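Here the structure is a predicted model, which means the values were calculated and not measured.
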Amino acid sequence: MLGAVLDYIARTNLFNFIIFAGIIGYLFVKLDVIGSLEKGTQAVAEKIDNSKTAKEESETKLQTIEDKVANLENEINEIIEQSKNNAELVGGQIINDAEKSAENIKTNTLKLIENKTGVLKNDIMKRASLASVEVAREHIINELNNNYDLHNKLIDESVESINGVEL
C-alpha cells in the first residue's frame, strides 16, 4: 500500500510540487527574505523621517526668507527715498560726471574691442596655419604610404642636396 502511494506521488505533479515547495522554503530561509524586507521597510521609514525633517527645515528657511523679503521692500523704499534726496543735492555734478565716465567707458571699450579683435584674428590665423600644416602633413604621409616609390625619390633628392653642400 505505501509503495502504491509513493508510486502515485512520483507519477503525479504533487511530487514535483513538494520538491519545488521545499526548494523555495529552503531559499526563503537561507536568503533571509523576511529580514531583508524588514531592513528595506526600516530604510524607507528612515528616508520618510529624513524627508519630513528636511521639509520642516525648508519651511522654516522659507518663512525666514519671506520675512526678510517683506522687510526688504521697506528698506528698498527707504534707500530709494534717500537716493532721490541725495540726487537732488548733487544731481548736476553727478550727471556731468556720469556723462564723462560713460564717454570714457565707450572710448575704452572701443579700444579694447579693437585690441581683442586683433588678438582674435591672430589666434584664428595661428590655428588656421596649424590646421593647414596638419592637413599637409597627413596628406604627405598618406601619399608616402600609398606610393612607396615616393620614399625612394625623397631619399634620392635628399642625398643629392647633401652632395652639393661644401664645407
Q: Could you walk me through whether R137 and E134 pass salt bridge (Lys or Arg N to Asp or Glu O under 4.0 Å), step by step?
A: CA-CA 5 Å; R137 184 182 75 75; E134 183 62 26; 2.8 Å; yes

**Q.** Nearest-0.5 Å distance that lies between atom OG in S132 and atom CE in M125
**A.** 9.0 Å

Q: Rounded to the nearest 0.5 Å, what's the gap from OG1 on T60 to CD1 on I65? Could you check?
A: 11.0 Å

Q: Give me the one residue out of D123, I124, T117 that meets side chain to side chain contact (heavy atoms under 4.5 Å, CB included) with K121.
A: T117

Q.
What's the separation between atom NZ in K106 and atom CD in E103, rounded to the nearest 0.5 Å?
A. 5.5 Å

Q) Is the shortest heavy-atom distance from the side chain of V119 to the side chain of N115 under 4.5 Å? A) no

Q) About how many Å separate NZ of K52 and CD of E56, when rounded to the nearest 0.5 Å? A) 9.0 Å

Q.
Grouping I, L, V, M, F, W and Y whenever their side-chain heavy atoms are under 4.5 Å apart, do L112 and L120 come out in a common cluster?
A. no

**Q.** E57 CD to N50 CG distance, which is reported to the nearest 0.5 Å
**A.** 9.5 Å

Q: Salt-bridge test for K111 and E114: reply yes if a basic N is under 4.0 Å from a carboxylate O, no otherwise.
A: no

Q | Reference residue S83; test side chain to side chain contact (heavy atoms under 4.5 Å, CB included); the match among I79, N85, I80 | A | I79

Q) Out of curiosity, D49 CG to Q42 CD, how far, rounded to the nearest 0.5 Å? A) 11.5 Å

